[in-house]
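Written below as structure tokens is the structure these notes are about.
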Amino acid sequence: MKKIISIALVFCLAMTAFLFVGCAKNPNTNIKLDGGPELNELVTGNGSFQVRKGDYVYFASGYVSKSDLGTGGLTNELGEVTNGALYRAKVELKKTLIKEENKTESEESEPKYQEEYVLTDVQLLCSKLVGFENSGIYIFGNKIYFGTPSIIKNNEGTVMYKLLTFYSVDLNGENLTELYQTQSFENGKYSFISINGNLYLMIFDGSQILRVDMNGNSKVLATDVVSAVLPKSEVIVDNSYSATENEKYVYYTIKNSENTETIDYGNVLNKVNIVSGEKTELFKQRYITITLSEFVNNKLYYKRNVMLSEMSASSQTYLFTNDFSKTTFEESEKQIAHQSAITNMIEYKEQELDGHVYVNGEKLYYRSKDGLTVKTLSTSASSVLFVQGKYVYYVSSSAIYRVDVTKDNPSGQKLSDSSTINTSYITIDSNFIYFYVKDSKTSVYETYYVDLINFVSGTTKPIKIVG
């Protein structure tokens with residue numbers, strides 16, 4: 001027994017001098033929820049602050065900035081987190097009998113019901129902060145994975161909330177387990193990706209790309225990184241995920257080694273294989289700078305400048321996409337925007353429509369792939385969020401709207417009512433749209449949802465999940 005205690009003590013003392021990490025505490029929160037989804041049910045929304053498996057929704061109950069932790073009694077100690085903690089709820093169809101007055105017996109007919117989808121049986125799953133700037137919840141199998149602000153302290157006794165600690169926990173709230181602790185996380189990002197049956201945590205900490213396996217073993221895949229786009233397993237079908245060839249890489253930029261104090265030759269786009277660590281240079285051209293946007297629909301989206309002429313150093317920046325289907329990067333590249341103000345485009349395919357939606361000049365447009373059809377969807381829009389079915393969801397005047405692109409004369413529907421919302425964090429599933437609403441009295445952001453299936457303009461109101 002003394003030998004075991006001695007080994008544990010040596011391990012704790014051997015941790016880096018920068019971070020004081022105590023011996024592991026018992027993470028048991030005595031939470032064990034009944035029910036839950038079946039193992040093979042569909043998972044959607046991985047990587048956001050709300051993930052759904054079957055008829056169960058796992059979500060952050062609100063939003064708390066990392067910079068506010070340590071003030072006003074806010075902490076991330078296990079068991080002490082209220083707003084922004086990890087919760088579970090169940091999707092149910094609620095039917096309310098519609099009373100029809102002033103009807104005679106002869107006029108009596110089949111009873112009519114008003115239907116709406118609601119979230120019921122709301123329960124705390126884990127009292128750690130998951131609703132914050134770097135929120136990202138994932139479900140694989142019977143476990144949920146998430147990052148949360150660290151509570152370790154530096155050598156001055158300051159809690160390092162800017163760093164992240166990653167955990168897994170069973171879908172019923174049991175077996176909370178620490179997976180990995182970052183040593184730095186300046187303007188970083190992370191994702192979880194399943195490749196050949198192995199689950200990996202991918203981290204860009206602001207300068208390095210790291211791969212972490214589920215035993216907590218980390219490997220540095222790239223250094224001196226300026227920006228990176230991390231693939232992620234967003235949708236899980238039948239409890240399995242098969243990463244595409246393009247998803248087996250992290251795409252990142254580094255500085256051009258030719259750069260001098262007076263001349264900027266642009267940057268270099270590389271990719272690194274997540275499993276093997278093999279690096280490949282994708283694009284390098286003098287005076288060209290690539291700004292990575294996202295990896296979605298098995299394509300890399302990015303902005304880059306195009307030289308206006310061989311005789312001039314001036315250039316214009318446009319939005320491109322690349323599916324890596326050709327022999328070289330340049331052959332696969334496709335310029336999808338021809339106006340520099342367009343910074344984001346989302347594919348839209350519904351009925352006979354096949355093209356993109358985007359915001360330009362504070363207006364929302366649909367444009368067919370051949371460019372022959374351009375339709376104005378809204379004369380007021382600041383950003384496009386996502387496409388689901390026939391609808392495009394977008395932000396206008398700090399509120400959430402949707403518009404049916406298939407209509408001849410589209411008109412936007414306001415979803416978020418008159419609430420003050422955080423337009424940076426919005427997510428959706430097959431029934432609901434979720435967003436953070438600011439409480440007018442406490443200034444706390446709490447999670448609300450709107451029923452999209454039975455939505456009626458002017459009638460359907462956002463509902464707070466955690467009462």
Considering only distance and modelled atom types, tabulate donor-acceptor pairs under 3.5 Å from the side chains of residues 347-361, sequence neighbours left out.
from   : atom 1 : to     : atom 2 : distance (Å)
Glu347 : OE2    : Lys299 : NZ     : 2.5
Tyr348 : OH     : Lys390 : O      : 2.8
Asn360 : ND2    : Gln339 : OE1    : 3.2

Are [X] and [Y] an aromatic pair by the rule of ring centers under 6.0 Å?
X      : Y      : answer
Tyr63  : Tyr425 : yes
Phe295 : Tyr251 : yes
Phe204 : Tyr190 : no
Tyr138 : Phe192 : yes
Tyr449 : Phe435 : no

Residue pair [X] / [Y]: nearest heavy atoms and the distance that separates them:
X      : Y      : answer
Ile31  : Glu174 : O-CG, 3.5 Å
Tyr394 : Ala381 : CD1-CB, 3.8 Å
Gly84  : Ser61  : N-OG, 2.9 Å
Ser396 : Ser382 : N-OG, 4.2 Å
Tyr301 : Met345 : CE2-O, 4.1 Å
Ser218 : Tyr180 : CB-CE1, 3.7 Å

Euclidean distance, [Y] [atom2] relative to [X] [atom1], rounded to 0.5 Å:
X      : Y      : atom1 : atom2 : answer
Leu78  : Leu129 : CG    : CG    : 12.5 Å
Lys248 : Asn273 : NZ    : CG    : 8.0 Å
Tyr445 : Ser419 : OH    : OG    : 11.0 Å
Thr442 : Asn83  : OG1   : CG    : 8.0 Å
Leu124 : Thr82  : CG    : OG1   : 10.0 Å
Lys53  : Thr44  : NZ    : OG1   : 11.5 Å

Report the residues that fulfil side-chain hydrogen bond (donor to acceptor under 3.5 Å, both in side chains) with [X], sequence neighbours left out, ordered by chain and then residue number.
X      : result
Ser368 : Asp370
Asn198 : none
Asn76  : Thr148

Compare all side-chain heavy atoms of [X] with those of [Y] and state whether any distance is below 4.5 angstrom.
X      : Y      : result
Tyr241 : Val235 : no
Leu33  : Leu125 : yes
Leu364 : Val392 : yes
Ile453 : Tyr117 : yes
Met214 : Leu201 : yes
Ile193 : Ile274 : yes
Asp323 : Asn298 : no
Thr253 : Thr289 : no

Ignoring hydrogens and angles, state whether a donor on the side chain of [X] or [Y] is under 3.5 Å from an acceptor on the partner side chain.
X      : Y      : value
Asp404 : Thr406 : yes
Ser233 : Ser194 : no
Thr423 : Ser398 : no
Asp238 : Asn40  : no
Arg52  : Asn431 : yes
Ser65  : Ser67  : yes
Asn134 : Lys66  : yes
Thr96  : Gln114 : no

Tell me whether [X] at atom [atom1] has more than 12 heavy atoms from other residues, nucleotides or ligands lying less than 6.0 Å away.
X      : atom1 : value
Lys143 : NZ    : yes
Asp34  : CG    : no
Glu362 : CD    : no
Glu38  : CD    : no

Does anything in residues 131-141 form a salt bridge (charged side-chain N to carboxylate O under 4.0 Å, His left out)? List the pairs, not counting sequence neighbours.
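Listed once each, the pairs would be none.
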Give a yes/no verdict on a cation-pi contact between Arg402 and Tyr391, requiring under 6.0 Å between NZ or CZ and the six-membered ring centre and an angle within 45° of the axis.
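Yes, Arg402 sits over the ring of Tyr391.
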Main chain of [Y], side chain of [X]: is a donor-acceptor contact present, judged purely on distance under 3.5 Å?
X      : Y      : value
Tyr56  : Gly36  : yes
Ser227 : Leu292 : no
Gln388 : Asp429 : yes
Thr182 : Leu164 : yes

Checking Tyr434 against Leu119 for the side-chain contact (heavy atoms from CB on, under 4.5 Å) test, could you report, in this order, the C-alpha distance in whole Å, the side-chain angles of both residues, the deciding distance, and whether it holds?
CA-CA 12 Å; Tyr434 307 81; Leu119 290 174; 4.0 Å; yes
Is there a salt bridge (Lys or Arg N to Asp or Glu O under 4.0 Å) between Glu333 and Arg304? Walk through the geometry before answering.
CA-CA 11 Å; Glu333 184 179 62; Arg304 76 166 179 86; 2.9 Å; yes
Decide yes or no on ring pair (Phe, Tyr, Trp, His ring centres under 6.0 Å) for Tyr167 and Phe146, but give the supporting numbers first.
CA-CA 6 Å; Tyr167 290 90; Phe146 62 91; 5.8 Å; yes
side-chain contact (heavy atoms from CB on, under 4.5 Å) for Lys128 and Ile151? Distances and angles first, verdict last.
CA-CA 11 Å; Lys128 293 287 286 186; Ile151 57 171; 4.2 Å; yes
Test Val212 against Asn217 for side-chain contact (heavy atoms from CB on, under 4.5 Å), laying out the working first.
CA-CA 5 Å; Val212 182; Asn217 302 311; over 6 Å; no
Contacts of type salt bridge (Lys or Arg N to Asp or Glu O under 4.0 Å), residue Asp439, not counting sequence neighbours:
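Partners of Asp439 by the salt bridge (Lys or Arg N to Asp or Glu O under 4.0 Å) criterion come out as none, since no residue qualifies.
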Could you go through Leu385 and Ile346, starting from their C-alpha distance and side-chain angles, then the distance that decides it, and tell me whether this counts as side-chain contact (heavy atoms from CB on, under 4.5 Å)?
CA-CA 9 Å; Leu385 298 171; Ile346 299 179; over 6 Å; no
